[in-house]
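Since we're looking at a predicted model, the values are computed, not measured.
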Amino acid sequence: MPKFYITTPIYYVNDKPHIGHAYTTIAADVLARYHRLAGDEVYFLTGTDEHGSKIAEAAQAAGKSPKEFCDENAAKFQMLWDRLDISHNQFIRTTDELHIKGVEKFLGRLKEAGAIYDGEYEGLYCQGCERFLTEKELVNGKCPDHLTAPQLIKEKNYFFKLKEYLSKVAKLIDEGKIKIMPESRRSEVLGLIKQGLDDFSVSRESVKWGIELPFDRKQVAYVWVDALINYISALGYDEDGEKFKKFWPADIHLMAKDIIKFHALYWPAMLIAAGLPAPKVVFAHGFFTVDGQKMSKSLGNTIDPDALIDSFGAEAIRYLLLSQFPFGQDGDIKAGNFSIQYNADLANGVGNFTSRVLSMAEKYLSASGGGGVVPEKDYTFSDEVAGIWRQYKEAMDRFQIDAAIEMIKKLNGFGDGYVERQKPWELAKTDPEELKKVIYNLLEIARHLAIMLYPIMPETAERILSFLGQSDWKNRKLAELKDWGGLEPGTKVEKGANLFPRI
RNA sequence: CGCGGGGUAGAGCAGUUGGCAGCUCGGCGGGCCCAUAACCCGCAGGUCGCAGGUUCGAGUCCUGCCCCCGCAACCA
């Protein structure tokens, strides 16, 4: 059984989760669920990044200890993932003992390998960026990202020999061993390599809230280095450990484009230095604006994920967020149109289609025990549906979640069109035998629709499948589920509840 | 020479390797009555930002130009 190890970034817990975190995590969940459905052994990791001076400061401002502060915020993330039905296998926190051990081991390994050297660093440090800036990066003496003047800081630091490993990373990217997606990000990263990057420091002397270096307890790991290591520490980071052997390297690190450099260059370089394989895919999705504007607290247009869930439900939000624009690109979330789209795609689309099909089955094929009973199979549509499935799979395999959603809409439309052409309500009077075939086809289309829907809207899919009398589908692989004719004659179906009430 | 995204039908967007311009919403007109006043069909609506170039052929490649948006903090 192939394995599929997928990760989200670990989110910085200096505040509660926002819509961007939800977007990344839902996307990862969709891919994780798709791969489980396909029969892969999936390991889906998410978590929180809890060290660094910013956290320490925020905790102090809140009058709490760093750990207390982190506990509270980490819980908010966990609660949101719970509400959104995120199916992660593990939620790692960088304050977990497991992680701390992993970081110590990994940094120790880098030191042994001679990839770390100590030196003194004097530089302009930007609090906001949590890193030293070069003179060249400054604009009018200020950090271009934070518009604050960096402070001149001098401290002992350990450095990672990035320059020494960069050519190896470049080679892996070149050979496609590390796939950077989408394509535009790949060229961006190759451009960065061409420009040349400096060795970076992996430790901080001035920061206290962090993981102490095993070879120098006066220093703590730089928060970025600490964070990246979570992808292996979560698995136990033990070359002989079963979990680690099975799942590493990651099949895909998913993230937003702002942190591509860390994942596509720094992290693979560190892994190479430590003698470990690099991740197979580094996928950076885009940023989005909301209703044409960048989200910001001062503009008051931030969207609380919980409020969205309250209005539309977790299932609809998963769908709405991912159907807005091509996955990977920048785009705009038209929150103002959510109710329009909800009604169009979910209430009038999926909800109405399953409703009309199931109620026809119940009405025209009612059995003595009540409810509809699936009639004889008909093979009319094996080709059409197989074609849609092929495109759906292609889309998912290329991480084009939006394109996969298009296929769901296409199948839905195909089903609605079929109803119109066949007019079951007339066949009910003129041709009962033909009617049975038509109903069979419709029920079967509904089943396929539900399976396709599963990664995006798992709860909805399960409900439709249960209305269709399906119970053991979870034990089957997609390769089998997507074949035409999966619905067995004699199965009882029921109209079920209204899936998406109009709003 | 800061970085990045974008200019395609009224609105919002697709257009992978160049090959007769598509989708959704909205508008108009029909149809249907199984369904969540839902569904189906048809119509209107585009000089694909501008100007050159390459090509048998460019929204798609090249050059130049114009315009819009994001880039303090939070932060995917």
Exercise. Just how far is it from atom NZ of A/Lys179 to atom CG of A/Asp251, taken to the nearest 0.5 Å?
Worked result: 11.5 Å
So if I take every side-chain heavy atom of [X] and compare against [options], which nucleotide ends up nearest?
X: A/Ser355; options: B/U36, B/C25, B/U16; result: B/U36
X: A/Pro326; options: B/C33, B/A35, B/A14; result: B/A14
X: A/Ala344; options: B/U36, B/A35, B/C25; result: B/C25
X: A/Glu420; options: B/A76, B/C39, B/C32; result: B/C39
X: A/Trp425; options: B/A38, B/C34, B/A76; result: B/C34
X: A/Val419; options: B/U36, B/C34, B/A76; result: B/C34

Between [X] ([atom1]) and [N] ([atom2]), how many Å, whole number?
X: A/Lys410; N: B/C23; atom1: NZ; atom2: P; answer: 11 Å
X: A/Lys436; N: B/C34; atom1: NZ; atom2: P; answer: 20 Å
X: A/Lys429; N: B/C34; atom1: NZ; atom2: C1'; answer: 11 Å
X: A/Asn348; N: B/U36; atom1: CG; atom2: P; answer: 12 Å
X: A/Met360; N: B/C39; atom1: CE; atom2: P; answer: 14 Å
X: A/Gln341; N: B/C25; atom1: CD; atom2: P; answer: 10 Å
X: A/Glu406; N: B/G22; atom1: CD; atom2: C1'; answer: 11 Å
X: A/Tyr319; N: B/U24; atom1: OH; atom2: P; answer: 12 Å

Complement of [N], any strand, by Watson-Crick or G-U distances under 3.5 angstrom:
N: B/A9; value: none
N: B/C71; value: B/G2
N: B/G29; value: B/C41
N: B/C65; value: B/G49

Exercise. Less than 4.0 Å between a side-chain N and a carboxylate O, is that true for A/Lys67 and A/Glu50?
Worked result: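 No, no charged N to carboxylate O under 4.0 Å.
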Exercise. Is it true that A/Asp306 and A/Lys76 make a salt bridge, defined as a side-chain N closer than 4.0 Å to a carboxylate O?
Worked result: no
For this session: By nearest nucleotide on RNA chain B, pick out whichever of A/Arg398 and A/Lys257 is the more 5' one.
Result: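 Taking each residue's closest nucleotide, the earlier one in sequence belongs to A/Lys257.
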For this session: Provide the distance between the two P atoms, one in B/A44 and one in B/U63, to the nearest whole Å.
Result: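 Approximately 39 Å lies between the P atom of B/A44 and that of B/U63.
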Exercise. Across the strands shown, which category fits A/Leu358 at heavy-atom distances under 4.0 angstrom: base, sugar-phosphate, nothing?
Worked result: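 No contact.
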For this session: Just call it for A/Arg421: base, sugar-phosphate, or nothing, with non-hydrogen atoms closer than 4.0 Å on any strand.
Result: nothing
Problem set entry | Pair A/Phe262 + A/Tyr266: ring centers closer than 6.0 Å |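 Yes, the ring centres sit under 6.0 Å apart.
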Exercise. Can the ring centres of A/Tyr43 and A/Phe4 be said to be less than 6.0 Å apart?
Worked result: no
Exercise. Per the atom types in the model, does the base of B/U36 pair as donor or acceptor with the side chain of A/Asn498 at under 3.5 Å?
Worked result: yes
